[in-house]
Amino acid sequence: MDLKYTDAAPTDAERDAVDGLLGPPPSGWEGGTTRSDEDLRWARGGVSAAKDRRDQLLPALHAVNDRIGWISEGALDYICRRLTVAPAEAYGVATFYAMFSVRPRPAKVLHVCTDLACAARGSAAVCADLTESFAPAGTATEGAVWQESPCLGLCERAPAALLIQAGERPEPARLPLPALPPLPARPPLPPLPARPALPARPAFEDRGSGGGAPGFGKGRVGEQPAAGAPHRTAVIAPATPTALTTAIRSPEHTPAEPPPETAAPQAGHPTLVLLKRIGTTDPASLDAYRANGGYTALRRAFTLGPAGVIREVLDAGLVGRGGAAFPTGRKWEVTAQQPDGPHYLVCNADESEPGTFKDRVLMEGDPYALVEAMTVAGYAIGARQGFIYLRGEYPRAFARLGHALETARTRGLLGPDILGQGYAFDIEIRRGAGAYICGEETAIFNSIEGQRGEPRSKPPFPVEKGLFGKPTAVNNVETLVNVLPILEHGAAAYAATGTGTSTGTKLFCVSGQVARPGVYELPFGANLRELLELAGPPQDLRAVLLGGAAGGFVRPDELDIPLTFEGTRAAGTTLGSGVVLVLDGSVELPRILLRIAEFFRDESCGQCVPCRVGTVRQEEALHRIKDRTGAAAADDIALMREVGQAMRDASICGLGQTAWNAVESAIDRLGVYK
Amino acid sequence: MTAVPLQLPRRLIEFTLDGQETRVPEGSTILDACRAAGKDIPTLCQGDTLTPKNACRVCVVEVAGARTLAPACSRRAEAGMTVLTDSERARHSRKVVLELLASSTDLSTTPRAAEWIKEYEAKPGRFGADVARLNEEPKVDNDLYVRDYDKCIQCYKCVDACGEQWQNTFAIAVAGRGFDARVSTEHGVPLTDSACVYCGNCIEVCPTGALSFKSEFDMRAAGTWDEPAQTETTTVCAYCGVGCNITLHVQDNEIVKVTSPHDNPVTHGNLCIKGRFGFQHVQNRV
Ligand code: SF4
Ligand code: SF4
Ligand code: SF4
Ligand code: FES
């Protein structure tokens, strides 16, 4: 490959951000500023280690975006040189993700959620106020800009906002980057000439007013973050107009986030299984985790052996909690049996379904549980490497998981020889960058590999050809965490909870107009009414959206629906990812439906025609009929049905296949346009 | 029916195609089987020299027992499968997909599009007059070829041909997302500033005419493009010793564009800038 790069040069800060991730360039061939004699005599094009590092593209884009706030031509070109990626491809990747910008923008970006739960709790008024008191969306003012955002996963505290301020990560909080343990299938890195030592990093204040960046201070708005402003994120929820203007003007003064257990109203209740440590065990302390039952599952796994673990999970009847309800033990078994290697484990923590926040609460409130569960899963399927693909919008979960991984590693619970059992396993976190579609299991692979996060067509299935084309098991956070009680108490005890085909407990994300929104854990078999009673239903319940934007609405007279996979299926709806969005009479349903359509139009990857154009045509039709009913709406409803059918039948992935579900159920079950 | 390949022998598998027992070599797609059986399935993103992205979804067929329809161009036939190529559901999806495409894109130079729109009774106009369309201006930034993305159906063929499937130049990729996704150079720079080496392999595979020779683009604009009047002559490129086949398209005794036979086992329709575009000297007359 003979790639042609652009002439754009990175600024010192951009170069520094990339080098902070990748280390200094080993030679002039990979973006070094000078060419040594050796470089000039020896081109390592054919065996360059950089070629194996395409998967560092997304982390590198993050590094620049975190530091500068946007990705300039020079920065992108430097990343391309460092990783041997064609600029056109890197540009295609950078423009795929909503959190990145390839145009100059201020260092401070405030994302204000206008998605379902926030819309139901007044985000429109918040936006109107912000426009009035600060600036219209998208207009850079006072070194900041705000924009509307899809669901931020903070629905229990809706309306919500997330402020991201670009800058250098302050040293103490800078998360150590986990080193990739060597993988057997990859060629070893060729020997490199001795690397020059990293130039001593000058103290941030010493860099002069421009943060060391040439070009700063030439009058371009928001070109570089102001010197001294560190990288910072702040969650503002509930988002009042005053809280938002304060946050955007002085992010350092935003009040601390409430602890994760405030999102779990049942916290501390003795019947909890998956949530049992939320609020009762310090999420930062490995000792506290061990004192509360931690790592007994892994010890049991080692006594059972990989096949024994899979047997237990099969006997327990665990099925995936991500929506498809596929038997987890089966998935592991098939992955474990694949002759090709290495095997990978991917934890899908890209929780982007509007109205879903349970994985966030688990990861923030009990991070070691996920680390342990992944270690068990990796052991069962014969993987040495696990990835957590984490939503880019979850800064606290990122920090807490990062800390948990680091501690587990230093204590021999991750690494070359876990608990002295000779099993080597490590976990790496990969941050998404704002793309709902990257929650699709095959889109995750592309995203991690440094490609556009477009789903792959199946077959082949991930268990055969997944991440890096190798056998891969993908499980979401909730599914994985279920493995702990299965191993701690045995399959029989686990299966005793729930119904025959839906065993164990289930997490529900209750949001909208209820008195106590939050994550609830109930044994399978409880019905919707019982769940709503816990959360405090509104007086004039209008509808409940079950399963999120890809799920369906149910009526107030349907609350006896049992919350099981088979029960919801029989009632013509779905549990999906456990979303229970409660709407009362004050909500204008056509607006909510419009928001759902807009969401799918925004989040379609654009790969296949039924979804890329179909979502646009559906949104247009909903706009046309938003104030119409009866015969006046009939034509457009018929049109949407036809398009919806083709999307369901002919789209490549679940996004296009389910994009019409919620709107259709609102028409058929709620009679919205009657 | 049996489709016999002119390749190393492969195991034959048996499945049911529209009610008929069919045997195809293992690894064949449903589309291969359909073509061998003389069935005409519309395809756009499928190409004979590329691995299809199966993104256009006009070739969908119904596989018994499957929740969704399957793209015939990419789904491999499996023993015991029951496939319906012309079921109500498959026809419905094809019709809607054609409507969605034709309502957002200019299909005027897409071969067979008009014919299929008629066959499936697609009515692209029914989404109304002010629907979102691509609305792209043709990009004329060099003297060799024009990119008119208003005609682009995002089939990824050009990207694949320029990238890892053939040319390995990676001058273009899909940028943006959803309806805003477009084939683009890095930062949208003109081709002349990009990595493009003008091999024209992307033009060779483009199914819609979104990519075309400047000569063709100009003649179409002037109303002088007359395909039926053109003759095609395949000869050997004289520039170097590889011996690529080139097909000269000649109208009024002028070469108007150059393509290359896809069944050539060496080049599979790919050329370099000289074979593709270096024909002016032939018609420089004194
Ligand atoms: S259905 Fe939508 S999201 Fe899925 S591949 Fe097609 S365009 Fe992309
Ligand atoms: S002419 Fe060749 S190099 Fe240029 S974009 Fe097309 S395929 Fe790529
Ligand atoms: S330009 Fe042509 S080949 Fe490229 S994606 Fe568009 S339609 Fe396909
Ligand atoms: S030809 Fe099969 S999906 Fe396009």
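Letters A, B, ... mirror the listed sequences (proteins, then strands); counts begin at 1.
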Check this for me: [X], atom [atom1], are more than 12 non-hydrogen atoms of other residues, nucleotides or ligands nearer than 6.0 Å?
{"X": "A:Lys465", "atom1": "NZ", "value": "no"}
{"X": "B:Glu88", "atom1": "CD", "value": "no"}
{"X": "B:Asp40", "atom1": "CG", "value": "yes"}

Enter the distance from [X]:[atom1] to [Y]:[atom2] here, rounded to the nearest 0.5 Å.
{"X": "B:His92", "Y": "A:Gln645", "atom1": "NE2", "atom2": "CD", "answer": "5.5 Å"}
{"X": "B:Lys123", "Y": "A:Leu639", "atom1": "NZ", "atom2": "CG", "answer": "11.5 Å"}
{"X": "A:Thr6", "Y": "B:Glu186", "atom1": "OG1", "atom2": "CD", "answer": "6.5 Å"}
{"X": "A:Asp649", "Y": "B:Thr68", "atom1": "CG", "atom2": "OG1", "answer": "7.5 Å"}
{"X": "B:Leu69", "Y": "A:Arg648", "atom1": "CG", "atom2": "CZ", "answer": "12.0 Å"}
{"X": "A:Glu642", "Y": "B:Glu99", "atom1": "CD", "atom2": "CD", "answer": "7.0 Å"}

Side chain, backbone, both or neither of [X] within contact of chain B (heavy atoms, under 4.5 Å):
{"X": "A:Tyr97", "value": "backbone"}
{"X": "A:Asp602", "value": "backbone"}
{"X": "A:Arg624", "value": "side chain"}
{"X": "A:Leu76", "value": "side chain"}
{"X": "A:Val616", "value": "side chain"}
{"X": "A:Gln607", "value": "both"}

Just so I understand: if I count every heavy-atom pair under 4.5 Å between each of [options] and chain B, which residue has the most?
{"options": "A:Cys605, A:Gly606, A:Cys611", "result": "A:Cys605"}
{"options": "A:Ala90, A:Ala86, A:Pro87", "result": "A:Pro87"}
{"options": "A:Ala621, A:Pro459, A:Gly614", "result": "A:Pro459"}

To check you understand the geometry: which heavy-atom pair defines the closest contact between B:Phe170 and A:Ala88, and what is its length? O-CB, 3.6 Å
Can you name the nearest heavy-atom pair linking A:Pro610 to B:Cys56, along with the distance? CD-O, 4.4 Å
Top contributor to chain A contacts, counting heavy-atom pairs under 4.5 Å, from [options]:
{"options": "B:Val96, B:Val58, B:Val131", "result": "B:Val131"}
{"options": "B:Leu100, B:Leu44, B:Ile153", "result": "B:Leu100"}
{"options": "B:Arg76, B:Arg67, B:Arg75", "result": "B:Arg75"}

If you define the side chain from C-beta out and look only at heavy atoms, does anything of [X] sit under 4.5 Å from [Y]?
{"X": "B:Phe179", "Y": "A:Ser604", "result": "no"}
{"X": "A:Thr95", "Y": "B:Arg177", "result": "no"}
{"X": "A:Lys4", "Y": "B:Thr169", "result": "no"}

Would you say the side-chain atoms of A:Arg452 pair up with the backbone N or O of B:Gly176, donor to acceptor, closer than 3.5 Å? yes
For the side chain of A:Glu89 and the backbone of B:Ala173, is there at least one donor-acceptor N/O pair under 3.5 Å apart? no
Please tell me whether B:Asn54 and A:Ser457 have a donor and an acceptor in their side chains that are separated by less than 3.5 angstrom. yes
Passes salt bridge (charged side-chain N to carboxylate O under 4.0 Å, His left out), A:Glu454 versus B:Lys53? Steps please. CA-CA 11 Å; A:Glu454 292 167 350; B:Lys53 183 82 173 166; 3.4 Å; yes
Should the pair A:Arg617 and B:Phe127 be classed as cation-pi, given the thresholds of under 6.0 Å to the six-membered ring centre and 45° from the axis? yes
